[in-house]
Amino acid sequence: MKSVQFWTLGLALLLVLRTAPVRGDTPEWMNLPLMPVGGGAATTLAAQRGQVMLVNFWATWCVPCRYELPEMAALEQRLHTRGFRVLAITAETEREPIAAFIKRLGVTVTALMDKDSALHAAVSVKVMPSTLLLNRQGEVVKTYQGFDRRIGIKPMEDDVLALLEIHP
Amino acid sequence: MRVQLKRSHIRRGSSVLLALGFLLKGSLAWAQSTLKYKHLRYKEDEPLVQVDEDVLEAVLEFEGQQRLEFTFSHDAISGATPTGVPAQASLSGASSLAVRGQEVSRMADSRNALTAGVNYPVGRFTRLRGSLYKSVESDYHSRGLTLGGAWELNEKNTTIQSALSTYTDQVVPPGRANGEKRIDTFSLGVSQVLSPSVLVSAGVELGRYAGLLSDPYKDVLLDGMRIPESRPPARVGEAGWASLRAEVFTHHALNLLLRGYVDDWGIQSVSWQGSTLHDLNPNWLLELFYRHYEQSAAYFWADSFSAKTSGPYRSADIRLSKLSSDRLGLTAIYRANEAWWLEGSLARYGLSGVPGLFAGFSNSRLIGATVASVAIQYRKF
Amino acid sequence: MIQVFGRRAGGVLRRRPKAAGRFQEGALARIWGVGLAFLIAGCTPALERVKPWERGELAGDLMRPDLNTLQERNWSHIQFSKEATPLEPGGGGGGCGCN
């Protein structure tokens with residue numbers, strides 16, 4: 001009996017150690033496919049590592065998103081040479097309305113479609129819009145929920161500048 | 001809530017609302033605003049009543065999602081006297097017109113009404129709202145206050161809404177007894193999202209009326225003699241309703257609403273209404289709607305009364321009789337772009353019931369009316 | 001002193017005045033009961049049916065509860081002037097659920 005208990009415990013320990021995240025492992029959601037709205041091959045968040053990223057979850061029907069996205073696009077324009085990128089990810093499935101909406105907003109941003117909303121579910125998006133701040137190693141540093149027009153993206157901008165080691 | 005509303009309350013309340021508007025955090029740079037103008041004509045088939053209404057509605061949303069809402073309406077009312085009875089020498093508004101072979105007094109009046117409200121978010125899941133209401137016509141002044149809130153739960157899948165309203169009305173008919181009426185209502189509703197395209201809601205309401213509830217223009221026949229009607233000085237009613245809104249096919253939705261009402265005047269009513277909405281293309285949205293309503297008579301309603309058998313309360317008002325109504329119509333919305341919308345609507349409204357004091361009415365159709373409206377809306381993002 | 005349907009606002013749980021009708025008492029009890037049921041239902045996690053990113057249709061013109069509140073208000077006014085039922089349903093919910 002004691003030996004059964006010993007082996008059971010050992011097996012359980014092995015399973016726990018096997019499944020525990022090891023420093024440096026890429027979370028599975030970083031490898032989920034994302035289709036560019038403008039067409040082309042699928043990409044992943046893992047493929048974008050090496051840059052500081054704001055991953056913004058938005059939708060064409062989300063009113064606060066239409067105020068937030070232009071501000072993020074403007075920030076990317078200022079800082080992209082320093083290794084900063086904005087990825088605007090939507091769970092909507094029709095390319096043309098998304099492209100038309102972005103054109104109407106008059107912004108230039110990397111817009112991606114999340115197939116089957118897998119990434120949205122994996123990171124548990126609770127509010128539209130939501131934004132993840134990723135460092136160059138692809139680790140989530142901070143999460144921002146909602147968008148307050150009175151504050152704008154100032155908190156995000158400060159955090160991005162800190163990660164890029166730019167001191168105003 | 002029995003609160004006596006006075007002019008000073010309205011002035012103070014309006015000042016508070018305006019001050020709130022200016023103190024709202026951020027600035028006067030509005031995040032969104034919607035402005036809508038509508039003209040509506042209600043015209044009864046017989047030359048009884050015609051109402052032309054002009055409404056201006058404004059919703060100003062600020063950067064912090066605070067909202068100011070205003071509605072101003074002006075009604076021009078014309079037609080027969082509310083009694084529909086033969087002209088009386090004592091009534092003013094001299095000229096008469098013929099309705100179903102009987103002479104009735106012609107009348108004209110206008111009504112102005114203003115609602116001003118504020119809708120304020122508290123955190124992510126709560127909104128509070130308050131509004132003031134005032135309406136004035138030559139023989140009826142109304143003032144009201146509404147306070148309410150909405151709470152979102154279960155990741156905003158569930159919304160609970162509640163509101164408390166109180167109105168103080170002054171009834172000042174020319175040549176008749178003046179009086180005051182108080183109206184208090186409480187409502188509670190819940191909405192639940194069942195799926196990305198299905199929303200169900202249900203609610204209850206409680207209302208209490210007190211004061212001069214008799215219609216000063218309505219008479220009854222008591223043993224052949226005409227005397228003013230007399231309704232109980234209090235009334236308590238409650239209603240329950242349930243609705244379903246669902247996008248049953250892509251670009252086509254169905255709305256259903258069922259409502260029941262009962263009060264201590266013996267009136268029970270049930271109404272059901274349905275509408276279908278059709279998103280024909282990015283520009284055109286069409287709505288077809290139908291409503292059927294039935295009510296029982298108040299316990300003190302009759303065609304005529306006898307002093308020996310009737311109680312202290314008597315009314316022959318058609319509105320309190322056993323009746324049913326139907327409404328059928330179509331609304332078309334043209335969405336020129338995100339900012340500009342045009343709307344047109346045409347509907348028929350029919351009221352059927354038993355004959356009342358005005359013997360000229362038949363059973364089949366008491367009142368038939370056409371309601372037409374046009375509107376234009378501007379939305380700024 | 002503010003009175004709420006015959007009760008003083010500070011003493012909602014006190015006995016109602018004897019003069020109040022049985023109808024009124026029954027109506028209040030029903031309202032409280034239904035309200036409690038709503039609150040309990042509102043706190044059930046099983047009612048988290050739709051994720052925030054799935055609310056596109058609910059935010060659209062077909063499903064928006066506030067598409068034409070002015071039309072509803074106009075009809076309430078017309079019906080109120082012709083029929084005996086004074087109360088009108090409200091309700092909201094749905095929408096985009098953003099922020």
Side-chain angles (χ1 to χ4, degrees), chain A residues 57-74 90-107 113-131 143-157, chain B residues 20-34 59-68 119-127 151-159 193 195-197 199 245 247 250-251 253 279 281-283 285 335-341 377-381:
Chain A
F57 296 92
W58 73 290
T60 57
W61 45 262
C62 160
V63 174
C65 303
R66 66 174 69 195
Y67 297 109
E68 185 186 45
L69 212 49
E71 290 192 29
M72 294 176 107
T90 177
E92 292 163 286
T93 53
E94 291 179 25
R95 234 180 256 274
E96 281 170 22
I98 302 169
F101 183 83
I102 291 173
K103 192 178 173 187
R104 236 180 15 250
L105 273 186
V107 297
M113 297 191 301
D114 178 13
K115 192 170 180 277
D116 301 326
S117 318
L119 181 59
H120 283 70
V123 302
S124 299
V125 168
K126 294 222 180 292
V127 183
M128 295 295 285
S130 284
T131 306
T143 305
Y144 312 90
Q145 293 189 339
F147 177 67
D148 189 334
R149 274 198 83 189
R150 295 169 294 183
I151 303 164
I153 64 162
K154 186 74 171 58
M156 290 183 206
E157 187 178 338
Chain B
L20 204 62
F22 283 103
L23 287 172
L24 287 168
K25 201 169 179 193
S27 66
L28 288 176
W30 303 322
Q32 289 183 79
S33 54
T34 307
V59 178
L60 311 174
E61 185 166 322
F62 292 77
E63 292 176 343
Q65 296 189 303
Q66 308 95 336
R67 245 180 265 151
L68 287 181
N119 193 308
Y120 200 88
V122 178
R124 267 187 58 210
F125 302 105
T126 306
R127 290 196 78 95
W151 296 269
E152 292 184 300
L153 308 159
N154 301 324
E155 282 198 16
K156 300 194 176 185
N157 278 249
T158 310
T159 306
V193 173
S195 80
S197 55
L199 175 72
R245 187 184 291 261
E247 189 168 340
T250 308
H251 304 310
D279 216 340
N281 55 44
N283 294 119
L285 181 68
R335 297 168 292 196
N337 49 47
E338 228 176 22
W340 290 98
W341 283 19
Q377 177 181 290
Y378 170 69
R379 198 193 302 182
K380 168 194 163 291
F381 281 98

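Each chain gets a letter, A, B and so on, in the order its sequence line appears, and its residues count up from 1.
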- Where is the tightest heavy-atom contact between A/Lys126 and B/Arg124, given as atom of each residue plus distance?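 Shortest heavy-atom separation between A/Lys126 and B/Arg124 comes out as O-NH2, 4.0 Å.
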- Nearest atoms (heavy-atom pairs only) where B/Glu63 meets A/Asp148: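 That would be O-OD1, 4.0 Å.
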- Message: Applying ring-ring contact (aromatic ring centres under 6.0 Å, His included), can you list everything that pairs with B/Tyr378, at least two apart in sequence or on another chain?
- Response: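 B/Tyr378: ring-ring contact (aromatic ring centres under 6.0 Å, His included) contacts with B/Trp340.
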- Message: According to side chain to side chain donor-acceptor pair (under 3.5 Å), who are the partners of A/Arg66, at least two apart in sequence or on a separate chain?
- Response: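 A/Arg66 satisfies side chain to side chain donor-acceptor pair (under 3.5 Å) with B/Glu338 once adjacent residues are dropped.
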- Nearest-0.5 Å distance that lies between atom CD in B/Gln32 and atom CZ in A/Arg149: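 Rounded to the nearest 0.5 Å, the CD-CZ separation comes out at 9.0 Å.
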